[in-house]
Protein chains: 2
Amino acid sequence: MNLKKLLQKSNVQPYLLSARFGLEKESQRSTLTGQLAQTDHPEVLGNRSYHPYIQTDFSETQMELITPVSDTITGVMRSLSAIHDVAIRSMSKQEMLWPLSMPPQLPEKDTEIKIAKLDQFEAVLYRRYLAKEYGKRKQMVSGIHFNFEFSSELVAQLFSTQNQYATLETFKTDLYMKVSRNYLRYRWLITYLFGASPVSEEGYFVEGEEQPKEPVRSIRNSSFGYTNHENIKVSYESLEKYIHDIHEMVETGLLSEEKEFYAPVRPRGGKQVADLAKTGIRYVELRNLDLNPFSRLGVESEALQFIHLFLLYLLWTDEKESAEEWIVTGNLLNEQVALGRPDSKVSILPEGERIFSDMLEMLEQLGLVEEKELVASYSQQLYAPETTIAGKMWTIINENSNQELGIIYGQEYQAMAHEKSYQLAGFENMELSTQILLFDVIQKGIQVEILDEQEQFLKLSYQDHIEYVKNANMTSKDSYIVPLIMENKTVTKKILHEAGFRVPAGDEFSTMEQGLLAYLKYADKAFVIKPKSTNYGLGISIFKEGASIEDYTEALTLAFKEDSAVLIEEFLEGTEYRFFVINNKVEAIMLRVPANVVGDGRRTIADLVAEKNLDPLRGSDHRAPLEWIQLGDVEKLMLKEQGYTIDSIPEKGQTAYLRENSNVSTGGDSIDVTDDFDDSYKQIAVEAVASLGAQICGIDLIIPDKAIKGTKDSQTYGIIEANFNPAMHMHAYPYSGTGRHLTMEVLKLLFPELFT
Amino acid sequence: MNLKKLLQKSNVQPYLLSARFGLEKESQRSTLTGQLAQTDHPEVLGNRSYHPYIQTDFSETQMELITPVSDTITGVMRSLSAIHDVAIRSMSKQEMLWPLSMPPQLPEKDTEIKIAKLDQFEAVLYRRYLAKEYGKRKQMVSGIHFNFEFSSELVAQLFSTQNQYATLETFKTDLYMKVSRNYLRYRWLITYLFGASPVSEEGYFVEGEEQPKEPVRSIRNSSFGYTNHENIKVSYESLEKYIHDIHEMVETGLLSEEKEFYAPVRPRGGKQVADLAKTGIRYVELRNLDLNPFSRLGVESEALQFIHLFLLYLLWTDEKESAEEWIVTGNLLNEQVALGRPDSKVSILPEGERIFSDMLEMLEQLGLVEEKELVASYSQQLYAPETTIAGKMWTIINENSNQELGIIYGQEYQAMAHEKSYQLAGFENMELSTQILLFDVIQKGIQVEILDEQEQFLKLSYQDHIEYVKNANMTSKDSYIVPLIMENKTVTKKILHEAGFRVPAGDEFSTMEQGLLAYLKYADKAFVIKPKSTNYGLGISIFKEGASIEDYTEALTLAFKEDSAVLIEEFLEGTEYRFFVINNKVEAIMLRVPANVVGDGRRTIADLVAEKNLDPLRGSDHRAPLEWIQLGDVEKLMLKEQGYTIDSIPEKGQTAYLRENSNVSTGGDSIDVTDDFDDSYKQIAVEAVASLGAQICGIDLIIPDKAIKGTKDSQTYGIIEANFNPAMHMHAYPYSGTGRHLTMEVLKLLFPELFT
């Protein structure tokens, strides 16, 4: 089978780079000053026994971050980024993730290195065995496992083009076996480029133990690292032999379990090695990446992209020796490179040059010319060892110790995770409410799939329980009719009215004529004219003391420009509050103040706006808790009505409003007042929402005087609107007052079983 | 208290004509040849014990149609119209509603007149008492009761303007008492204008019984009609006296129950007369309208409008005598008019002239000038008795018998109700699915309120159970997330795919660049490019045998014009069927054929379209089961692709298509094929809908060969779309095949308690 030819076929071409990726990244939790953390795994992360994203590896301090599988490297990196954010923000602010593969200085006594406190007794027993067999210190090394799968389309296209294999399964298995053997043969290049464990801290190697001559490129990937004893030999000639050898070693007791076989590359299928016989190989697990301390996440996208191309090359390039010889050579070369000085070139430079020139040639022949630049750039590192990761580390390492390096970078990454704590790294382009919900979802160990990113559509699952969520709070918990009721103001008002709540009296018109006929009813009253479907305040006119027939006609005309149905409503005097009701409880109450600046007698309105917009909580397009204040036509008109221009200088303490409407989305301020209200108004809000049949609702009450107790059948309040997808981010990070974490309430509603 | 002055105040003016109206209309069920029906009350109407709209009065054949209360006469008339439609279509096609107040020729033996078969034994006992006390025959007369209430705004404005009354309740009660007294005094005018029982059939009056000298204006409203015995006297001087007198007569046994007091006008409050003491008078019930045989519904809007103005006049005009004298006079005048010949003028012409001129004067003073025309037109009838209803009847009555008149008009109205049987009279402007649902709702006795007519928003209630419905099948039974899933094709496909169903493979693009990159993947395949949110087929391109890069680019461009996200999908070969799934059952399967005509070798396409559009099932805008075929640009282009223009003459048997898409909404034909499918495909549809979590869904399957059994994990089918508000009217009245009554299934889902 000539894979070079197969890969060049036109039906294969569109799928050459399609693949699936997953990452598992271990890190030690340490204090900000580089001591191993003495705390337990953060309780807020829930039970490790099922957590899909954040686990512990060998020790209680060794966090393992696991991404879901992704079709793109960007995707897997953003997942890792988010999980990273969640992990760090779930830890004490006095702790950080140690950014190096080699552990920080370990406690003198082994007993102070705590094995992970897992529920399953077998898991604990296994770790105790490892501690005894290899020593606890070796187990404290961390790294990255990279799970890689050629896309099913690519494999299927290749399969359809060949005629040697009868079944797709055996074909696929053999592809991966070839890649695995070649990986073992050529992995020294990965060690050279990405090795990042040049030195160990004092006490890492037990006294008397044989030690490498530091600095090296990668202690972890050398025979001094975390490897099996020498008598462990497993053939990669075929999957059958691989399975057979591992089984035999488990049976003869050389290995305690299958998973004790630590190869730099593992073929993967089902859960157990034995399953491989049935499933065939579905993907490979690369286990030899050290943590890159210069990367916030321990690995860069470019590295993964390069490895992807490298794996394609391993599929492309022919093997030149028998499996056994091929791997023995590979192991020898890797050991040599791993134990070489990080500031030296490799002795096998010519092989390195050949690999790179073959890779470039392959890219050329496969038409993947855009990828050549990346490969070319990595090829330069052959001649400049100081630009490899280990090389760079060595240039800044003092007195053969990683410690300072780890502290500096660890602190930096910890600070980054806490900096814009309302965002979720990797998902900043999604709506903020969805980001916050995703944070909670990851923290609570609920599996998440982003079904449609632009549409903020998530699939959440915990065990067999699946829930879909759109825009962070549109869920299965509300019925279909509920949003339909709420998006129709007339219907909402009728239902609330029939249920005994106070709503503004009014009429609905579908023609100007109807509207004009009603003039006399409203002429002397306080009233509002608005389009039936309002859109950020467009087409709304408020008359607080009646209106002339001319103004009334004008207001109707404006409203009919926005909608074919227009409402006229009694104007209710008072302050408008947003009550956020979920699961029959008021979880937040917010006062929203229209976009404004307060004068200092010195600066212009434009300057004051610019300054107010510097607040890190402000941004745009629902991606920040507050929005930037604009200086557009609407704002200028509003200023004009108060006798200002943007160049006016308001007096000290004088408030200039830039908007009539108080929406946070148009630059308004959000002020949490949840604790300022007694139960009476909360009760009204809860009952009103219940009468609409809603589980999640932002209901807007006008309250003339909140010091007076509210009663349902009185004028102490009026309900002016109910919203079926109420904003949550503004409650979480208000302009002032206490933040209310509403997304977690959504999760409680969706997955009560997780909160019992 | 000077009501004339009060009514002229400017705060009162906007509300002068605002009022609430309700109708109760009795009719005998008869055969098409005018015999009293021998059948029971239609079973399909369910249990009379709670039916809010269709009841039986005295006899099993006497249907009583009851409208809900409405703010407008148009509203109350449309309700009556719809209830009428439902009543007639729920009866045997051999029966009709007798259009006259006087019953058709009654059976000789009293025993053949069957008392209504009611569940409540007291109700049966009461009817037995009536039969004994007044004779069964008298009880067979039918009429209309008109419930009238001045609007609360009008009463409140009047109240706020006076200073004689301390409470709104006593004020309101006295208003209605005045109106009632005046009504009794002047009701002869109503008898004159609307009396419509000039003659009785042989055997109606028992032999030897005193009889009127026929023809008269209104037997029913005379002392020969359905009235209390002469010793029943009730004062209308005040509400207290009214209540007291009735109580006394019940206690002394002169009346068996309060409701046996038959006055032409009854003050109404709570359920019982006794309740009036607590509630005060809330409205009045006018009981003296005969059925107008010249009106399909037994009464014309104009008559109600006139009576409304007449009641306003009764409020306006002063009483000139004591209550007792006033009423005695009124009764005498009414008896005189009722028993006058229908072709004669009244002897009290001057009083009639005064009433009309006073009414016109009132309208002038109140600024209600537009109403004057109606009043003026009725005033002419004073001088032309042959234009009154009784007058008109008499001109066509043969040999002193109503019988023929009743048969002719009864048959006509019966035919009208059956004519466009897919419509619901009075609601033809609503979507057809909603009309059909409303029909079912009325038939099943579910209370309905139209919350928003334009938006097809209904409130349904049965006892304490409330359901809201929009567009006939958007309900509380589906969860909020379900329509959100279905309106997102990518999400729908992902969920179906993950659940193991076959969906077309594909990609989603948000830029042209992304789309172009995927060209090679699709170049040689059968595929479809479409905007993510399709809108009646706009922007869709189908390539059944691959595409050139130019055509591919063009198709992407077209799709991006419609949406910012574009899908490319594998094209599935086969026939598309719509499966309508509700409550985990396939209730209908439909084949939709694009708009087409079949040639006859003689006529042009334009002619063939015109002829096809004559089908009474075709209409526009979802108001008919099928839509008219258009001849617009899209259709012309489609014809062009087949080598036609609209003037082409296709050969005999040749089909010319006018649309590519098969939507019924663009003139397609709907063919019911429910019974052509075995369970295998139904099972797939049901499971797929369940995987989306939907209760009501129209799911579209492509099936290459329905003769082959469908299996979930095979290529026997592919799912291409799921619709959350699937059309139902096209299933109810298909172009060909059996109609499927899906709206009733919606009701079963909403109100299972009604169908057990």
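Excluded from the calculations below are hydrogen atoms, water molecules and symmetry mates; all remaining heavy atoms, backbone and side chain alike, are included. Every value quoted in this text rests on a predicted model; they were computed, and no experiment measured them. Naming: A, B, ... by sequence-line order, numbering from 1 per chain.
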Aromatic centroids of A/Tyr552 and A/Tyr519 separated by under 6.0 Å:
yes
Region of A/Ala518 that comes under 4.5 Å of a non-hydrogen atom in chain B
neither
Does any heavy atom of chain A fall under 4.5 Å from the side chain of B/Ala565, the backbone, both, or neither of them?
side chain
Looking at A/Glu453 and A/Arg78, does any basic side-chain N land under 4.0 Å from a carboxylate oxygen?
yes
Under 4.5 Å heavy-atom distance to chain A, tell me which part of B/Asp478 shows up: side chain, backbone, both or neither.
both
Chain A contact via B/Leu458 - which portion, at a heavy-atom distance below 4.5 Å
neither
Any carboxylate oxygen within less than 4.0 angstrom of a Lys/Arg side-chain nitrogen, looking at B/Lys521 and B/Asp507?
yes
Going by an N to O cut-off under 4.0 Å, is there a salt bridge joining B/Lys489 and B/Glu569?
no
Polar contact flag, side-chain donor to acceptor under 3.5 angstrom, B/Thr490-A/Asp452
no
Bottom line for A/Lys525: the part with an atom under 4.5 Å from chain B's heavy atoms is side chain
Contact origin within A/Ser564 toward chain B - heavy atom pairs under 4.5 Å:
side chain
Do the non-hydrogen side-chain atoms of B/Ile485 and A/Phe457 ever get within less than 4.5 Å of each other?
yes
Validation row: B/Leu692, B/Phe724 side chains within 4.5 angstrom (heavy atoms):
no
Top residue by heavy-atom pair count (under 4.5 Å) with chain A, among B/Gln157, B/Glu153, B/Glu449?
B/Glu449
Can you say whether A/Ser476 sits under 4.5 Å from chain B via the side chain, the backbone, both, or neither, judging by heavy atoms?
both
What option among B/Val491, B/Leu520, B/Val469 has the most heavy-atom pairs under 4.5 Å with chain A?
B/Val491
Establish, from distance only, whether the side-chain atoms of B/Glu745 and B/Asn583 form a donor-acceptor pair under 3.5 Å.
no
Quick one: which of B/Glu455, B/Lys459, B/Met474 has the most heavy-atom pairs under 4.5 Å with chain A, could you say?
B/Met474
Interface moiety of B/Glu467 toward chain A, non-hydrogen atoms closer than 4.5 Å
neither
Could you tell me which portion of A/Lys494 (side chain, backbone, both or neither) has an atom closer than 4.5 angstrom to a non-hydrogen atom of chain B?
side chain
